[in-house]
Amino acid sequence: KTLLGVPIIPTGNLASNKIIDHVFLSSEKDHEPYLINYLSNLNAEVKIVSWKNLVKQVTASDLAQPPSNNALPALST
């Protein structure tokens, strides 16, 4: 299955995953710490990032001048 062209993968598939390196998490309630812990326990090599925390780290100056290599600014997870 996909959503807007992005594959949707069941969480259980992370345990044996060798392809996915990041998961961007979206949770409408305050379950993010639990979800991040749960997903990290399935596969510690996959970086789990809350989109809310990601947005907090990007500043106006980051957006004003895109990096020369078209990469996002370095963000902590």
Side-chain angles (χ1 to χ4, degrees):
K1 296 180 180 182
T2 64
L3 176 64
L4 302 173
V6 176
I8 298 177
I9 300 167
T11 56
N13 289 9
L14 287 176
S16 62
N17 171 62
K18 303 255 188 281
I19 298 171
I20 299 170
D21 56 359
H22 282 81
V23 171
F24 294 94
L25 180 66
S26 176
S27 175
E28 295 299 322
K29 297 188 179 187
D30 295 331
H31 295 91
E32 287 182 0
Y34 166 78
L35 292 171
I36 290 170
N37 185 52
Y38 173 77
L39 295 172
S40 295
N41 285 334
L42 290 174
N43 187 330
E45 293 183 24
V46 175
K47 303 292 185 214
I48 313 296
V49 181
S50 159
W51 74 267
K52 293 174 190 173
N53 291 338
L54 185 65
V55 169
K56 288 177 187 176
Q57 293 179 38
V58 176
T59 66
S61 63
D62 292 328
L63 299 174
Q65 188 172 31
S68 60
N69 63 358
N70 287 335
L72 290 173
L75 302 170
S76 61
T77 54

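- Proximity of a side-chain donor or acceptor of Asn37 to a complementary backbone N or O of Pro33 within less than 3.5 Å is not detected.
- Shown here is Ile19, whose CD1 atom has no more than 12 heavy atoms of other residues, nucleotides or ligands within 6.0 Å.
- Within the structure, salt bridge (charged side-chain N to carboxylate O under 4.0 Å, His left out) pairs that include any residue of residues 1-13 do not occur (at least two apart or interchain).
- Shown here are the side-chain hydrogen bond (donor to acceptor under 3.5 Å, both in side chains) partners of Ser26, two or more places apart in sequence or in another chain: Trp51.
- Annotation: Asp30, atom CG; neighbour count of heavy atoms from other residues, nucleotides and ligands within 6.0 Å does not exceed 12.
- Within the 4.5 Å cutoff, side-chain heavy atoms of Leu14 are placed close to those of Leu39.
- Here the shortest heavy-atom pairing between Ala15 and Asn43 reads O-ND2, 4.4 Å.
- Counting all heavy atoms, side chain and backbone alike, Leu54 lies closest to Val49 at CB-CG1, 4.1 Å.
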- Going through the distances and angles, do Leu25 and Ile36 end up as a side-chain contact (heavy atoms from CB on, under 4.5 Å)? CA-CA 8 Å; Leu25 180 66; Ile36 290 170; 3.6 Å; yes
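- Separation of atoms CD1 (Ile9) and CD1 (Ile20) is listed at 3.0 Å; rounding is to 0.5 Å.
- Here the closest non-hydrogen pair linking Lys52 and Ser27 is NZ-O, 2.7 Å.
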